[in-house]
Amino acid sequence: MSKTVGILTAGGDSPGLNAAIRGVGKALRGRGARIIGFRDGFRGLVENRVMPLDGEALSGILTVGGTILGTSRDKPHKMNIDGETRDMTATIVENYQAHGLDALVCIGGGGTQKNALRLLDAGLNIITMPKTIDNDVAMTDTTFGFDTALGIATEAIDRLHSTAHSHHRVIVVEIMGHRAGWLALGSGIAGGADVILLPEIPYRIENLAEAILERMRQGKNFSIVAVAEGALPHEQAAELRAAEARKANSDSKKEKREAKALIAQLEKRYADHTVMLAHQIEEATGLESRVTILGHLQRGGTPSAADRLLGTRLGAACASLIMDGVSGVMVAARGDEAKPVPLRDVAGRKKLVPPDHAWVRAAREVGVCFGD
Ligand code: F6P
């Protein structure tokens with residue numbers, strides 16, 4: 001009997017999403033399945049914002065950035081409905097059944113994996129794919145979007161070099177990645193940054209100022225500092241980690257709520273840390289400093305060949321698993337293969353940069369300062 005499959009994209013958009021929609025969509029259609037796209041993440045399932053994914057809709061999208069389905073950061077269990085936060089899980093279950101779905105594909109990052117698990121626990125047949133420019137989803141080698149963003153951030157660092165050099169300046173470039181340093185690390189190495197600051201390796205301003213001064217003593221009167229948006233100095237990183245540990249280890253709902261509020265407060269307080277860092281560098285080194293925040297440029301535009309390839313092969317593997325009746329898994333990238341891994345083992349875990357990772361070691365070998 002032919003199957004009916006829903007597809008949605010959730011969380012921040014990412015280059016390669018359309019390749020994945022096309023990959024899973026074409027492969028399913030090739031096997032006789034009917035596909036329904038739900039717009040704007042989990043909200044589409046609540047409000048029945050549907051889009052038929054027929055042959056025409058899946059055509060010509062491989063090279064297009066963003067997601068043809070639209071996306072949102074809405075959570076099934078905490079959705080803003082007419083100004084009120086409501087648990088919409090039951091409505092989603094009802095709509096899943098009303099559309100006669102045999103499976104629902106949720107394409108997203110860490111938050112989406114958690115939300116998808118909630119729907120799995122509510123009895124739906126769920127299968128996910130890992131996307132995010134942050135590359136921080138557990139149990140997969142990589143995520144689509146990362147390679148494209150890596151290319152964009154690297155090119156930005158390349159371009160900043162010539163202007164930093166001409167003006168004898170320090171340019172501090174802020175790179176996305178949320179709490180993970182993969183993007184800053186990868187582009188910092190590929191772009192030849194002199195200092196790379198990561199959330200996983202707290203820094204001391206004196207250490208990186210000394211590295212910049214040492215370059216000056218060698219006659220290099222400019223430096224590039226690649227800073228991950230989540231990077232923090234030691235004291236602030238310790239404060240944040242303590243709040244996170246309180247949230248993770250507490251059994252009381254009230255304490256968890258308080259810890260969550262404290263985390264949000266700290267994140268807000270540290271939001272402009274890159275600008276402060278540039279001031280501190282200027283004071284400590286006497287070199288004029290400038291800040292460039294790459295922001296959403298890193299998520300926009302045409303996906304790289306590697307992300308198109310990854311989205312297509314994970315999408316095709318996802319279709320095979322659905323046809324075999326598999327659910328409750330994320331389709332992970334493992335070398336050249338795609339491997340189903342239990343969603344329960346993925347959700348709630350983040351893949352961070354191990355401080356002794358091979359990329360970090362290589363960067364240290366070529367003289368990059370991590371400020372630690
Ligand atoms: O998760 C992807 C990401 O781009 C992070 O790197 C960044 O912290 C966040 O999304 C930005 O989110 P928004 O687009 O909601 O501002």
Side-chain angles (χ1 to χ4, degrees), residues 8-18 20 40-43 65-67 69-75 78-80 106-116 128-138 140 142-154 156-157 173-188 196-200 226-232 236-237 240 244 260 263-275 277 291-304 307 310-311 330 346-353:
L8 61 81
T9 54
D13 73 333
S14 177
L17 274 170
N18 286 329
D40 309 327
F42 294 100
R43 186 165 291 267
T67 159
L69 290 173
T71 186
S72 73
R73 294 202 185 272
D74 287 311
K75 299 179 174 117
K78 272 187 197 168
M79 204 171 283
N80 185 323
C106 303
I107 314 179
T112 304
Q113 308 303 327
K114 280 201 260 179
N115 290 324
T128 70
M129 280 191 262
K131 75 83 222 186
T132 165
I133 64 164
D134 304 341
N135 194 32
D136 61 351
V137 177
T140 181
T142 190
T143 54
F144 40 85
F146 176 63
D147 183 75
T148 308
L150 187 63
I152 296 169
T154 301
I157 296 175
V173 51
E174 185 185 286
I175 294 159
M176 273 190 171
H178 196 223
R179 296 283 188 76
W182 295 107
L183 198 51
L185 177 62
S187 59
I196 300 178
L197 303 178
L198 307 179
E200 296 88 345
V227 52
E229 62 179 347
L232 286 174
Q236 294 165 1
L240 194 59
E244 279 171 345
K260 214 173 153 187
I263 292 167
Q265 208 182 358
L266 292 174
E267 280 181 332
K268 208 166 164 197
R269 196 187 308 157
Y270 305 150
D272 57 357
H273 74 99
T274 306
V275 176
L277 176 66
V291 173
T292 299
I293 296 177
L294 296 182
H296 293 81
L297 274 178
Q298 294 159 104
R299 285 202 336 224
T302 309
S304 67
D307 278 336
L310 183 62
M330 179 185 82
V346 175
R349 285 174 60 196
K350 255 189 197 312
K351 185 182 74 179
L352 299 176
V353 177

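Keep in mind that the numbers below use all heavy atoms, side chains included, and drop hydrogens, waters and symmetry copies. Numbering of ligands and ligand atoms starts at 1, following listing order.
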**Request:** Output yes when Lys351 and Asp136 qualify as a salt bridge under the 4.0 Å nitrogen-oxygen rule, no when they do not.
**Result:**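 No salt bridge links Lys351 with Asp136.
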**Prompt:** Mind checking whether Asn115 and Phe42 have side chains closer than 4.5 Å, heavy atoms only?
**Reply:**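 Contact flag for Asn115/Phe42 side chains = yes.
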**Item:** Heavy-atom side-chain proximity of Arg299 to Ser14 below 4.5 angstrom
**Value:**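 Counting from C-beta outward, Arg299 and Ser14 never come under 4.5 Å.
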**Asked** Is the closest heavy atom of Gly177 to ligand 1 under 4.0 Å?
**Response**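 The answer is yes, since Gly177 has a heavy atom less than 4.0 Å from ligand 1.
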**Request:** Please state whether Gln298 comes within less than 4.0 angstrom of ligand 1, counting heavy atoms only.
**Result:**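 False for this residue.
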Winner among [options] once heavy atoms are compared against [atom]:
atom                    : options                : result
atom 8 (O) of ligand 1  : Met176, Glu229, His178 : Glu229
atom 6 (O) of ligand 1  : Thr143, Thr132, Asp134 : Asp134
atom 15 (O) of ligand 1 : Lys131, Arg73, His296  : Arg73

**Request:** Considering heavy atoms of the protein only, find what lies nearest to atom 11 (C) of ligand 1 and give residue, atom and distance to 0.1 Å.
**Result:**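 Protein heavy atom at minimum distance: Arg299 NH1, 3.6 Å.
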**Item:** Nearest heavy atoms of Ile152 and Leu297, plus distance in Å
**Value:**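 Distance-wise, the nearest heavy atoms are CD1-O, 3.5 Å.
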**Message:** Minimum heavy-atom separation for Leu183 and Leu150, please, with both atom names.
**Reply:**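 Shortest heavy-atom contact: CD1-N, 3.5 Å.
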**Asked** When Ile175 is tested against each of Thr292, Ile157, Val227, Ile293 for side chain to side chain contact (heavy atoms under 4.5 Å, CB included), which residue passes?
**Response**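 Running side chain to side chain contact (heavy atoms under 4.5 Å, CB included) over Thr292, Ile157, Val227, Ile293 with Ile175 returns exactly one hit, Ile157.
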**Message:** Suppose I only count heavy atoms of Ile133 and a 4.0 Å limit; which atoms of ligand 1 are within that range?
**Reply:**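 Matching atoms, with element in brackets: 4 (O).
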